[in-house]
A.B. asks: 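Next up is a structure, given as C-alpha cells.
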Amino acid sequence: MTSLLGHVSNTKFSNPSLKSWKSCDPAVLFDAEIVSHVSDDMIQVAKNLANEARGCKYMYIWTDCDREGEKIGSSAADICIESNPRITIKRAREVHSAMQSPDTLDPKQVDAVEARMELDLRIGAILTRFQTLLLQDRFDEMQNKVISYGSCQFPTLGFVVDRYRKVKEFVPEETYSLTLEHVLESKEKAVFKWKRGKLYDLEACFAIYANCLEEKEAVISNVTSSRKLKYKPIPLSTVEMEKMSIRYLKMNSQKTMKVAESLYNKGFISYPRTETDMFDKTFNLKSLVEKHKDCPKRGSFASKLINNNGFEWPRNGKNNDKAHPPIHPTCFVSDDKLSQDEKLLYDFIVRRFLACCSKNAIGYQTVVTAKIKDEFFTATGLMICEYNFLEIYKFNLGWSEQTIPMYNIGETFVPSRFELTKSLTSKPNLLDEADLVDIMNKSQIGTDATIHDHIKKIIDREYVIQPSSGPQKGRFLPSNLGFSLVEGYDDVGLDLSLSKPYLRREMETHLKNICDGVTTKAQVVKHCIKLYRQVYLQTVGQKNKICEAVEKNFGIRRNSGSGGYSPDYNQSNGGYIENDTSSANEINGMFQNDSGDDLLGKCPLCLTGEVRLIEHGKTGYYLQCSQFLKPRVCKFNILVPNRNGTIVSAKVSFSKCQKCEVDKNMINFKFLPGSLPPVIPLDYQGCLFGCNEMLNEILNVDITSYAGPPPPVTTSIPTPSNVSSFQGRAQFLSANRPNENSMNQTERLSKKSPRGSEFGDSFSSTKKSRVKSADDFNHQSKNSVGNGINRRSHTMNPIQTKTRSKRASSIYENSNPTGNNYLYSNGMTNSLVKCDCGLICDLKTAKKAGANQGRQFYSCPRGSLGGCTFFEWYKDENTFIEDLKETNASSGVGASPKPKCFCGMVATEHVVTEIASNSSKPKAKSGSGSTKPSFSKSNLGRRYLKCPKSSKPCGYFRWIDSDDQAYEVK
DNA sequence: GCAAGGTC
C-alpha cells in the first residue's frame, strides 16, 4: 500500500527549444508536439511507485472517483507497468465492492483529462506569450511583467470588469410609491406595502394617490395566516463553505481553504474539496452528532438532537462528485487545540453539520390586506413557533420575528401616514469575493479545488485590486492593467472574447461528451484548437486594440515598438513551422502590419480601412484591408499567389501610382530569373490595383473579381471610453462613499456611431479593367497552383471544392484536413463568410427533405453549443446568376413579371424530391389537410411553382418546364 | 517567465 500526491504526470512541449518565448511564433504552439512526463516534484513519487510495483501481482487504484482521479490513476498505472509489465491493474470504485469486484480504468475519462491538459497548456502558453511580449514591446512600464493568460484566470477577471462597468454606467432613476402606516393607540405599528410596488411614472402615481385621498379611511379587506417553513441548510460543499466563510467569518477564499486543509490534516474535518452536498445513506450521522454532546458551546443542541428526537436526516443538495462526502466534522475538538482562524471555521462547520441534522424551523405568517379606493396594501407578520436548526445556525438568514397588530376583516382605520414617496433605484455593488466564487461556480470556471487559486492569481498578477479599507473593502475593482486587457479583447469585437467564459464552458461541455462516449479526445482537441485559433488570429490581427486600451487606461505612452515583435522570433525552428507553415506565416503576416511601411492606401471596397501588403509565406502575398478581420465588415483580401517562388520579394514603395484611379502606393517586386516573360524586368515597380493589366495577369491576380455585396450596417461594440479613463478609475474609490450618489454624474457609455454602408460603386472604376482570358498568357506555368483560383468572383477555390463535397459535418470535424482552410482563402469567395460571432462559418448541406435538400449553407461553427443563429445559403456561380436575374426581374429590367398564384402572391419555386403515387399529375396527399402535392417517379427533379402560403394555400400549381397553364391542386 | 488540475 502506498500513496500518491495528485497528478504524477504533466504535459509539456516536446521540443525543448520551444521553452524560450521568442523561439517561435506563439501560434506554432497550437500544433507543436506535446508529451506527458513525470513532473519534477513528483519524481520521488514515481520512483516509489516503480519500486512498489516490482514485487506485486496486482495494482489497485484507489484515487478519487472523478475524471481527474481516473487520469491520476492511469498515470500511476503507466509507471507501474513500465516497472513490472506483468502487473494487473484494477480500479477500486465503490468502497464496499472494490475488493470483491474491482473495475478497470475508464479510458474515456482519462482521455477527457488529457484533452483538458493539452488545451490548457497550449492556450495558456500561446496567449501568455502573445500578450506579455506585445505589451513588453510597446510599453516601457511592462518590461518586467508577466501578463499571464489562463482559460480560467481571464473569465474571472472578466466577471470583475463586467460588474465594475455596470456600477460605473449606472444611472439612478426616480421611482414613486405609496406608503401606508397605522399606529394604534397601544403604540403598536403596522407598515403596509403597496401591492403595485413602485412606479417610474410620477404622473401616474400621483393620479392614483389623488384618487385614494378622496377616501378618508382604509378598510381591512383580508387577513390570512399560514404555516411557513424555513428550510434548514443543505450539506456543506467547498464552494458554499467559501462563500459563507467570506461573508460571515470575514476570511477570504484562499485563507478559508488553507485553514480547512489544516483542520483536515489534523483529522478534525472531512476532506475539504468536495462538490457533494448530500450524505450517503450509509453514513452514521447520529454517531457523528453524538461526538459533540459534551461541547460547552454546542453540546446542549447536539444532545437535543440525540435525546429529544431532534434528529432528522439532512436534506439533499443536487451535487455528488462521487469522490467525497459533504464537509463535516469528524470529531469534537476543544477550542484550546485550535488557532483563532481554525476555531472560527471549525465552529462554522460543526454548526452547519448540526443544522443539517436538525429540523426545519416552523413559523406562522400573517398577511393583513388594507384597501383604499381600488389600491391594496399589505402588512406581514411572522411568529416563529419552532426554531429547531435556527438555534444553532444563526447566520443572517432573513428570518426573524415580525409582529403586527391584530386586525379583523371589515375593520377600518384612519392612516397615521399615507404619502407618495420618491426614491432612487440603487446602484449595484462591486463584486465581493463570495459573489465572484458564486459566478465562477455557476459558469463552470475552475473547480472546487481551484476557484480560490484563480482569484488569488488575478490579485497576484495585479489584474484586480481588493481594497483593504474604505466602503469598498474586500470588493473587487479591476486594475488599470486588468481593465485594459479586458477592454482590448472586447474591442476586438468577438462574441467569443477571450475575457468571456464561453470558450472555457464549451470546452467543459466537450469534455463531458468525451466521458459519455459521444465524441473522442482527438475530435475535441481539434475542434477547440480550431475555435481558439480563430479567436487568436483575429485578436492578433487587432492587437493594436489592446495597446490602445492600455495607453488610454494607464495614461502611458506607447513607444514605437520594435516594429512588430515577430522579427524577434527565431524562425529557424524548422521542424515545427514546417508542419504548419501556413498558420505560422499567416500570423507572421499579421505581426508585421503596423510599422506603416506595408501600407498601400485606402481600401477601394469599404473606403474606410487601409490596404496593406502582407506576406503569406510560400502562398504569396495578400492585399488585405485592415477591416478584413472584423466580422462581416470588409471582405477585401486579394491573394497575389506565389506558389512557384516567382516573386523573390515584394515591398511597398513610397511612390504612388500615377495611372491608377485609386491612389495607391506601388510595389517593388524582385522576380526569380527565368520565371517570367522577358517583357517584365526582374526588378519591377508596379501597381496591382487594376491599371496594370499585364502585371495582374502574369501574377494571376484578379483585383476586379471582388464585387461582393456591401456589408450590413453594423454597430460597433460600445466602448466605455468615459468609464475607462485613468482619472475616472483613480477617483472611483474616493468618490464612491456610502450615501453619496457619485454615479449620478456618470454618463452612459458612449456608443461609436454606426458604420455606414458606404460601399456604393466605388470600386467600379476597377471593374472595367477585368482581365482577359488566362489562355492569352499561356507562358504562365500550367502547374501554377494559383491558376484558376482567382479568375472569377464566384468560383470555388480548391479548398472549397473539398469542403463542398463533404456531407454536413459534425462540430467535431474540420472542414478540411488541415483545419486551416481560411488561411488559404483568396478573399473573394464565400469561404470567408463569418457568422454573427465573428467566426468563419462551416459550410453544411441541408438534410431535411424538401425543396432545399442538398443545398449548401453557411452557419455558425459552434452549432447548438452556444452558437449564433447566422444562416446564409451558399451561392455558387449559377445561383449568383439566378440572383442577378431575380434582381433584374424585380427591378423591371427586361424580365417578365414573376408568376403569381391564385391569391395574387408571387408563387414560390420547388423541386420534386419525393414520390408518393403513380399519378402523372400532382395531387394533394389525402387526409393531410395540406396541399403539398405528391408526384410520380418520372417527375423527380422537376421544378414547379406553388402558392407561398404555408397555411391554407390556394392550390396554385404549375410546372416550370412546361407550357401548361397553372392549375389548382386540391 | 506561460495553464489548470491534482495534493501535502
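Naming convention: chains lettered A, B, ... in sequence-line order (proteins, then strands); numbering from 1 in each chain.
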A.B. asks: Rounded to whole angstroms, how far apart are CG on A:Leu29 and C1' on B:dC2?
C.D. replies: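 For the pair A:Leu29 CG and B:dC2 C1', the rounded distance is 10 Å.
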A.B. asks: Looking at B:dG5, B:dA3, B:dC2, which one has an atom nearest to any side-chain atom of A:Thr447?
C.D. replies: B:dG5
A.B. asks: With a 4.0 Å cut-off on heavy atoms, is A:Gly69 in touch with a base, just the backbone sugar-phosphate, or nothing at all?
C.D. replies: nothing
A.B. asks: For residues A:Arg504 and A:Ser151, is any side-chain donor paired with an opposing acceptor at under 3.5 Å?
C.D. replies: yes
A.B. asks: Give a yes/no on whether any side-chain N or O of A:Tyr264 is located under 4.0 angstrom from OP1 or OP2 of B:dT7.
C.D. replies: no
A.B. asks: Would the A:Tyr536 and A:Phe130 ring centres measure less than 6.0 Å apart?
C.D. replies: yes
A.B. asks: How many whole angstroms separate atom CG of A:Leu121 from atom C1' of B:dA3?
C.D. replies: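 The distance from CG of A:Leu121 to C1' of B:dA3 comes to 7 Å, rounded to the nearest Å.
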A.B. asks: Contact class for A:Thr132 vs. all strands (heavy atom < 4.0 Å): base, sugar-phosphate, or nothing?
C.D. replies: base
A.B. asks: Would A:Trp21 count as stacking on B:dG1 if stacking means ring centres less than 5.5 angstrom apart and planes tilted under 30 degrees?
C.D. replies: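 Yes, the aromatic ring of A:Trp21 stacks with the base.
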A.B. asks: Would you indicate what A:Glu70 reaches in the nucleic acid, counting non-hydrogen atoms under 4.0 angstrom: base, sugar-phosphate, or nothing?
C.D. replies: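 It contacts nothing in the nucleic acid.
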A.B. asks: I want to check something: taking the side chain as every heavy atom from C-beta on, are A:Arg461 and A:Lys145 in contact at a cut-off of under 4.5 Å?
C.D. replies: no
A.B. asks: With respect to the side chain of A:Ala449, which nucleotide from B:dA4, B:dG6, B:dC8 is positioned closest?
C.D. replies: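 My answer, after comparing the listed nucleotides, is B:dG6.
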A.B. asks: What's the CD1-P distance between A:Ile529 and B:dA3, to the nearest Å?
C.D. replies: 18 Å
A.B. asks: Would you mind reading off the distance between A:Leu4 atom CG and B:dG5 atom C1', rounded to a whole angstrom?
C.D. replies: 15 Å
A.B. asks: Considering every strand and a 4.0 Å limit on heavy-atom distances, what is the contact class for A:Arg122: base, sugar-phosphate, or nothing?
C.D. replies: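 If one applies the 4.0 Å heavy-atom cut-off, A:Arg122 turns out to touch nothing in the nucleic acid.
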A.B. asks: Parallel under 30°, tilted from 30 to 60°, perpendicular over 60°: which one fits the rings of A:His324 and A:Tyr271?
C.D. replies: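 If you compare the ring of A:His324 with that of A:Tyr271, the planes turn out parallel.
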A.B. asks: Determine the contact category for A:Phe154: base if any of its heavy atoms lies under 4.0 Å from a base atom, sugar-phosphate if only primed atoms, P, OP1 or OP2 are that close, otherwise nothing.
C.D. replies: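 Counting heavy atoms under 4.0 Å across all strands, no contact is made by A:Phe154.
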A.B. asks: Can you see whether A:Asp491 engages A:Gln542 through a side-chain donor-acceptor pair at a distance of less than 3.5 angstrom?
C.D. replies: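 No.
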A.B. asks: Report yes if a side-chain nitrogen or oxygen of A:Thr128 is closer than 4.0 Å to either non-bridging phosphate oxygen (OP1 or OP2) of B:dA3; otherwise report no.
C.D. replies: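 Answer is no, no contact under 4.0 Å.
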A.B. asks: What is the distance, to the nearest angstrom, from the NZ atom on A:Lys456 to the P atom on B:dA3?
C.D. replies: 12 Å
A.B. asks: Are A:Arg129 and B:dG1 close enough that a side-chain N or O sits under 4.0 Å from OP1 or OP2?
C.D. replies: no
A.B. asks: Given atom CG of A:Leu5 and atom P of B:dG5, what is their separation to the nearest angstrom?
C.D. replies: 19 Å
A.B. asks: What is the distance, rounded to the nearest whole Å, between atom CG of A:Leu134 and atom P of B:dG1?
C.D. replies: 21 Å
A.B. asks: Please work out if A:Met507 contacts a base, only the sugar-phosphate, or nothing of the nucleic acid, heavy-atom cut-off 4.0 Å.
C.D. replies: nothing
A.B. asks: Just checking, any donor-acceptor pair under 3.5 angstrom between side chains of A:Glu118 and A:Thr11?
C.D. replies: no
A.B. asks: Which residue, A:His324 or A:Gly150, contacts DNA chain B at a nucleotide closer to its 5' end, judged by nearest heavy atom?
C.D. replies: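 Looking at DNA chain B, the more 5' nearest nucleotide goes with A:Gly150.
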A.B. asks: Distance check needed: B:dA4 P versus A:Ile451 CD1, whole Å only.
C.D. replies: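 So the two atoms are 13 Å apart, to the nearest Å.
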A.B. asks: Heavy-atom nearest nucleotide on DNA chain B for A:Asp66 versus A:Asn10: which residue maps closer to 5'?
C.D. replies: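 The residue closer to the strand's 5' end, by nearest nucleotide, is A:Asn10.
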A.B. asks: Quick check for you: among B:dG6, B:dC2, B:dC8, whose closest atom lies nearest to any side-chain atom of A:Ala125?
C.D. replies: B:dC2
A.B. asks: Any chance the side chains of A:Ser253 and A:Glu242 put a donor and an acceptor closer than 3.5 Å?
C.D. replies: no
A.B. asks: Tell me whether the side-chain N/O atoms of A:Arg67 come closer than 4.0 Å to OP1 or OP2 in B:dA4.
C.D. replies: no
A.B. asks: Any base atoms under 4.0 Å from A:Arg504, or only sugar-phosphate, or nothing? Heavy atoms, all strands.
C.D. replies: sugar-phosphate
A.B. asks: Which nucleotide sits closest to the side chain of A:Tyr271: B:dT7, B:dC2, B:dA4?
C.D. replies: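 Per side-chain heavy atoms of A:Tyr271, the pick is B:dT7.
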A.B. asks: In terms of side-chain heavy atoms of A:Val146, which of B:dG6, B:dC8, B:dC2 is nearest?
C.D. replies: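 Of all the options, the side chain of A:Val146 is nearest to B:dC2.
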